[in-house]
Amino acid sequence: MSQLGQVIGILRKLNDEYQISTPKKLKLIDAYLVYVLLTGIIQFIYCLLVGTFPFNSFLSGFISTVGCFILAASLRIQLNTTNRSTFNVTPERAFADFVFAHIILHLVVINFIG
Amino acid sequence: MTSTSLMRIIIFILPIFSWYITSTIASNLNIVNLNGLKAQFQTAIKSFSDVASLHYTLGGVKELGVQLPDSHCNDIKKLVDKSNVESIYHATEAAKTLVNCKLPAEDYRSTLTSVLQSDESKTADIYYAVCSSVNLGLNIDESNIEKRLNTLAKTDDSILSQAYGLLTGAQLSQPIAKYYADTINDLVQQADEIDGRILQYEGGIGTTAFIVNSFYEVAEKAGVSIKTDPKQLIKFATYFSSKRHVATLRSAYYLTKVFKHLCDNKNPVPIVVSRISPSAISPQNPSVLVSITNLLGQPVGEMSVVAESAKRKEDGVVVISKQKLISKASDFSVYELPFYDTKIPRGFYTIHLTLTARNEGKLIGLTDNIIDVKVTSEGTIENAELIVADRDHGAQSKTYKLTYPNAQSDKLELDYHQKLTVKFQIKDKQSDEFMPVQQAFLRFTNKQSKKEIIYLAEATDNGNSQYKVEVDLTTNANDFRYQSDKYELVLILGDSLLQNAYEWILNNNVHLTFHEDSLPDKDYKNLYLPRQEIIHQFREDEKRPPNIVAFVFSTLALLPLLILLILWLKLGFNLSGLPLGLSPLGFHISHGAAFALMFFYWKYLDMFQTIRYLALISIPLFLFGHRVLSTLAARREKKA
């Protein structure tokens with residue numbers, strides 16, 4: 001009981017810390033990440049329920065969510081000012097890369113969706 | 001003694017010497033089907049279509065000893081074609097067979113001379129011209145013809161051409177004929193040997209007979225004998241005598257001539273040795289009768305015939321050695337060999353015969369003649385038993401002893417839990433041993449439908465050949481198609497070395513009862529009727545979930561979008577910092593166009609077109625995007 005209480009306490013602290021210290025831009029991206037994650041989970045549940053036919057469509061949708069998630073996560077990393085030392089890119093450049101990668105991702109996904 | 005006369009003596013002695021060494025091949029000669037040849041000519045006499053058939057028929061019939069009336073002379077004159085040298089040849093030859101048929105020589109003289117002088121003439125044409133001239137009594141220039149033949153021999157060395165050369169030589173003077181007669185052996189060497197037994201020339205029976213006949217004709221004119229190995233002559237004779245029927249009149253005519261030459265005492269005569277008694281030796285038929293004749297079936301004079309050995313084919317046991325055969329006919333054409341003896345066991349025997357001629361004749365094929373006979377014996381069926389036993393309890397069985405030819409008197413009832421066994425042995429009466437037989441069957445006949453079900457009886461491998469056949473009414477029930485009915489039971493035995501075969505009715509009233517319901521007999525005719533048509537079935541689509549489920553989940557998948565919007569609004573998402581102007585507008589439009597392109601790609605386009613459009617869109621996208629981002633960057637720099 002106390003362990004659960006400890007875990008809840010830690011989580012609450014994490015949440016507060018998050019709300020305070022994260023800039024708005026990153027929070028927006030985090031919201032987007034949550035959205036993509038949910039979509040992916042729902043697709044996966046659907047596949048589990050009704051089977052893998054047509055498999056290519058399932059894969060395409062699932063990979064689309066996964067790809068979006070990855071790209072958004074990498075954008076978030078690049079935009080985070082605390083990481084300025086590791087990456088030497090401007091936010092604009094990061095955004096441009098994000099758009100370019102998305103175009104390719106969507107091309108592949110649409111090709112595969114069948 | 002000059003060398004040439006010495007040569008001549010040697011040439012004469014050598015063949016005589018070789019005749020006594022004689023051939024060592026087995027002779028497979030048959031007596032000629034003379035009646036067939038006669039019938040062929042007689043059918044042809046009824047109507048003639050051309051002068052060649054006339055020649056062959058008249059000639060053939062004359063060879064067989066029948067003289068035809070002179071009325072045929074008119075036929076000859078009607079059918080001859082004065083401009084064709086071959087036609088003239090046939091006409092003159094046909095006229096020669098009749099008693100008094102004179103053809104107008106002057107009519108043909110021009111054609112004949114032109115053929116003899118023309119450079120285009122082949123050896124056959126030269127022969128036709130020469131032969132016709134001789135038949136008509138016209139003069140021919142022998143030296144000129146000889147020169148022509150020599151020239152032709154250089155250009156055309158086919159066998160037929162050489163044969164025509166020989167025939168032409170036979171029409172000329174004796175020295176020329178002799179020159180050609182010396183080439184006979186070379187021509188024989190050029191014949192094709194088949195299986196080591198037959199010699200023939202390319203072109204079939206008619207051509208071979210024609211060529212061999214030419215040998216005899218030129219040798220006769222030259223006054224010499226045919227100097228060739230008797231073995232070769234026998235191989236030719238085997239080929240000729242193997243044909244029971246020939247298709248053309250030409251073949252029939254030349255075959256008749258060749259057979260007459262081969263039976264002429266002036267030439268080497270092949271001997272035909274054949275068995276005229278039945279092949280099975282038994283007490284009713286104890287001797288082997290052998291006929292010794294020439295190819296036409298005529299007797300050849302007194303002979304001493306000795307059976308060198310009679311060997312059993314199975315194991316080579318020799319039962320007769322160096323026994324002389326007894327002459328039975330006054331013309332010395334039939335000889336007898338007593339064979340039957342109780343000590344000779346049953347089996348297939350090969351008898352080797354050697355012949356020696358009493359008179360000094362030119363007979364060939366005297367050694368290595370083979371006669372095949374078989375010695376059969378009487379058999380008896382012994383120790384025959386019929387056993388009815390229970391399948392599971394083998395000990396409970398009833399044995400009925402049977403004796404041939406009695407059948408069981410009472411009916412036999414068999415059930416599906418029983419099995420039937422029949423055992424028997426066959427004994428050879430002469431040797432008193434049990435023997436194996438080639439056929440031993442047990443047959444059930446359905447009395448109603450007459451269907452037969454046959455089982456094979458097998459013997460044990462040891463010496464006493466105990467036969468046994470077992471029918472189990474459960475395992476073998478399908479053979480009967482489970483039809484419970486009345487059956488007749490018969491034992492069938494047979495062997496090629498048994499004098500009698502057996503079909504022994506063991507029981508006429510066998511009731512079989514099977515456990516399952518009876519099946520109808522297999523209709524074997526149905527196997528060949530058309531079968532059911534197979535309709536192609538396309539691959540069925542896989543099952544998809546119902547539309548509602550898909551709809552629900554689609555909405556569910558869009559739900560997070562709502563959540564996203566709510567979150568963003570809560571976080572303070574606004575479009576206040578959105579730059580306005582051409583570049584941002586261009587950027588947004590081209591960005592939107594890229595995603596619209598994706599939609600179109602999904603619905604309508606293929607990859608190549610999409611790539612092209614994408615390339616097109618990405619140019620403004622890049623340009624505008626770059627401008628927008630640099631504006632934003634500048635703004636950020638300014639703030640900072």
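Keep in mind that what you see is a predicted model, and the values were worked out from it rather than measured. Note on naming: letters A, B, ... go to the chains in the order of the sequence lines (proteins, then strands), and numbering restarts at 1 for each one.
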Around [X], counting heavy atoms of other residues, nucleotides and ligands shown, do more than 12 lie under 6.0 Å from its [atom1]?
{"X": "Arg627(B)", "atom1": "CZ", "result": "no"}
{"X": "Asp16(A)", "atom1": "CG", "result": "yes"}
{"X": "Lys447(B)", "atom1": "NZ", "result": "yes"}
{"X": "Phe44(A)", "atom1": "CZ", "result": "no"}
{"X": "Leu48(A)", "atom1": "CG", "result": "yes"}
{"X": "Gln19(A)", "atom1": "CD", "result": "yes"}
{"X": "Asn547(B)", "atom1": "CG", "result": "no"}
{"X": "Lys25(A)", "atom1": "NZ", "result": "no"}

So, taking the atom named [atom1] in [X] and the one named [atom2] in [Y], what distance separates them when rounded to the nearest 0.5 Å?
{"X": "Arg93(A)", "Y": "Ser630(B)", "atom1": "CZ", "atom2": "OG", "answer": "13.5 Å"}
{"X": "Leu597(B)", "Y": "Ile110(A)", "atom1": "CG", "atom2": "CD1", "answer": "9.5 Å"}
{"X": "Ile41(A)", "Y": "Leu556(B)", "atom1": "CD1", "atom2": "CG", "answer": "11.5 Å"}
{"X": "Tyr35(A)", "Y": "Leu565(B)", "atom1": "OH", "atom2": "CG", "answer": "9.0 Å"}
{"X": "Leu33(A)", "Y": "Leu564(B)", "atom1": "CG", "atom2": "CG", "answer": "10.0 Å"}
{"X": "Trp568(B)", "Y": "Ile29(A)", "atom1": "CH2", "atom2": "CD1", "answer": "9.0 Å"}

At a heavy-atom separation under 4.5 Å, does [X] approach chain A through its side chain, its backbone, both, or neither?
{"X": "Leu559(B)", "answer": "neither"}
{"X": "Leu614(B)", "answer": "side chain"}
{"X": "His626(B)", "answer": "neither"}
{"X": "Phe622(B)", "answer": "neither"}

Residue-level interface, residues 96-106 of chain A with chain B, non-hydrogen cut-off under 4.5 Å: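 At a heavy-atom separation under 4.5 Å, chain B is reached by Ala96(A), Val99(A), Ile103(A), His106(A).
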Contacts of residues 600-613 of chain B with chain A (heavy atom under 4.5 Å):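 The residues closer than 4.5 Å to chain A, in numerical order, are Tyr601(B), Trp602(B), Met607(B), Thr610(B), Ile611(B).
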Top of Leu558(B), Leu561(B), Ile563(B) for chain A proximity - count of heavy-atom pairs under 4.5 angstrom: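 Max contact count across the listed options: Leu561(B).
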Residue Lys27(A) versus chain B: region with a heavy atom under 4.5 Å: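 When you check distances to chain B, atoms from both the backbone and side chain of Lys27(A) fall under 4.5 Å.
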Heavy-atom proximity to chain B below 4.5 Å, by part of Leu37(A):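 No part of Leu37(A) comes within 4.5 Å of chain B.
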Closest heavy-atom pair and its distance - Phe553(B), Ile45(A):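 Looks like CE2-CG2, 4.2 Å.
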Heavy-atom pair of closest approach, residues Thr39(A) and Ala557(B):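 Closest heavy-atom pair between Thr39(A) and Ala557(B): CG2-O, 3.8 Å.
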Phe95(A) side chain near Leu632(B) side chain, heavy-atom distance below 4.5 Å: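 The answer is no, as the side chains (C-beta and beyond) never meet within the 4.5 Å cut-off.
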Most contacts with chain B, counted as non-hydrogen pairs under 4.5 angstrom, among Asn111(A), Val36(A), Ile113(A), Val34(A):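 Highest number of pairs under 4.5 Å: Asn111(A).
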